[in-house]
Amino acid sequence: MATLKTSRKPLLIDLPLLDAVSAEARGNTRRRKNRNFHDDDAALAHRLLNAIEPGSYLLPHRHLDANKDETMIVLRGCLGVIFFDDVGEVEQTVELTPQGFVCGVDIPHGVYHTILALAPGTVIIEAKAGPYLPLTDAERAPWAPAEGTSAAAAYARTLSARFARR
């Protein structure tokens with residue numbers, strides 16, 4: 001059997017890396033930042049850190065491709081995950097923390113969802129099939145306001161408020 005050589009070295013997912021990607025998220029207008037471990041958007045397997053700060057808005061969406069289930073595990077901080085039905089009614093909310101009762105989620109394709117940081121410095125590890133493709137109109141939640149609008153900021157506050165009572 002032939003040995004496959006690579007020029008890449010193992011990457012440690014350590015506190016300095018989490019701190020660096022969190023700092024990038026804090027400095028980003030979208031309040032989030034990815035650190036990809038895969039080589040490019042065409043890779044068949046996408047593995048990445050996703051640092052998310054409170055105030056970031058991720059449009060509720062679903063992935064229609066049967067290969068696009070996604071797994072998220074919280075490494076640091078606290079992540080709110082919200083699942084919706086097809087008309088935008090909230091079906092379930094869950095809070096993910098590294099030492100909590102729930103630390104991760106596997107989201108099947110076809111399920112509308114969004115995530116939001118409930119604590120500063122939140123970092124998740126995410127895995128899903130590639131290649132990267134922008135969301136289609138059929139994957140974007142039609143009831144949710146577009147990112148960057150004043151309506152989106154108000155909507156994000158209502159989503160965040162669902163976790164305030166806990």
Next item on the list: Determine whether Val74 and Pro98 make a side-chain contact, defined as any pair of heavy atoms from C-beta on separated by less than 4.5 Å.
Entry: yes
Check: Does Asp65 come within less than 4.0 Å of Lys128, counting only side-chain N to carboxylate O?
Finding: no
Check: When rounded to the nearest 0.5 angstrom, what distance separates CD1 in Ile73 from CD1 in Ile125?
Finding: 7.0 Å
Checklist line | Val111 vs Arg62 side-chain heavy atoms within contact, under 4.5 Å | finding: no
Check: Which heavy atom of Phe83 sits nearest a heavy atom of Ile107, and at what distance?
Finding: CE2-CG1, 3.9 Å
Next item on the list: Spell out, as yes or no, whether a donor-acceptor pair under 3.5 Å connects the side chain of Ser56 to the backbone of Glu53.
Entry: no
Note to self: Closer than 3.5 angstrom, by distance alone: can the side chain of Asn34 be matched with the main-chain N or O of Asn36 as a donor-acceptor pair?
What the structure shows: no
Next item on the list: Report yes if some heavy atom in the side chain of Glu91 is under 4.5 Å from a heavy atom in the side chain of Glu89; otherwise report no.
Entry: no
Note to self: Testing Arg30, Arg140, Arg31 one by one against Glu147 for a salt bridge (charged side-chain N to carboxylate O under 4.0 Å, His left out), which residue passes?
What the structure shows: Arg30
Notebook entry, point to check: Which atom names give the shortest non-hydrogen contact between Thr122 and Gly77, and what distance separates them?
Noted result: OG1-CA, 3.6 Å
Notebook entry, point to check: Taking the side chain from Thr93 and the backbone from Ile82, do they hold a donor-acceptor pair closer than 3.5 Å?
Noted result: no
Note to self: Rounded at 0.5 Å granularity, tell me how far CE in Met72 sits from CG in Leu48.
What the structure shows: 9.0 Å
Checklist line | Flag side-chain contact, heavy atom, 4.5 Å: Leu49 against Arg76 | finding: no
Next item on the list: Taking Thr114 for its side chain and Leu58 for its backbone only, find out whether a donor-acceptor pair lies under 3.5 Å.
Entry: yes
Note to self: Counting C-beta onward and ignoring hydrogens, is there a side-chain heavy-atom pair between Leu96 and Ile115 closer than 4.5 Å?
What the structure shows: no
Checklist line | Flag side-chain contact, heavy atom, 4.5 Å: Arg35 against Ile13 | finding: no
Note to self: To check you understand the geometry: which heavy-atom pair defines the closest contact between Leu159 and Phe163, and what is its length?
What the structure shows: O-CD1, 3.6 Å
Checklist line | His46 (side chain) donor-acceptor with Asp41 (main chain) under 3.5 angstrom | finding: yes
Margin query: I need the minimum non-hydrogen distance between His63 and His109, along with the two atoms involved.
Written below: O-CB, 3.1 Å
Notebook entry, point to check: Taking side chain as C-beta onward, heavy atoms only, is Val105 less than 4.5 Å from Leu79?
Noted result: no
Checklist line | Non-hydrogen side-chain atoms of Tyr57 and Thr149 separated by less than 4.5 Å | finding: no
Item checked: Heavy-atom closest contact (Leu59 atom, Ala144 atom, distance) -> CD1-CB, 3.7 Å
Note to self: Looking at every heavy atom in both Ala141 and Tyr112, which two are closest together, and how far apart are they?
What the structure shows: CA-CE2, 3.6 Å
Notebook entry, point to check: Can you tell me if Lys33 uses its side chain to pair, donor with acceptor, with the backbone of Ser22 under 3.5 Å?
Noted result: no
Check: Any donor-acceptor pair under 3.5 Å linking the side chain of His113 with the backbone of Phe84?
Finding: no
Check: Can you tell me how far CG of Asp14 sits from CG of Leu75, rounded to the nearest 0.5 angstrom?
Finding: 11.5 Å
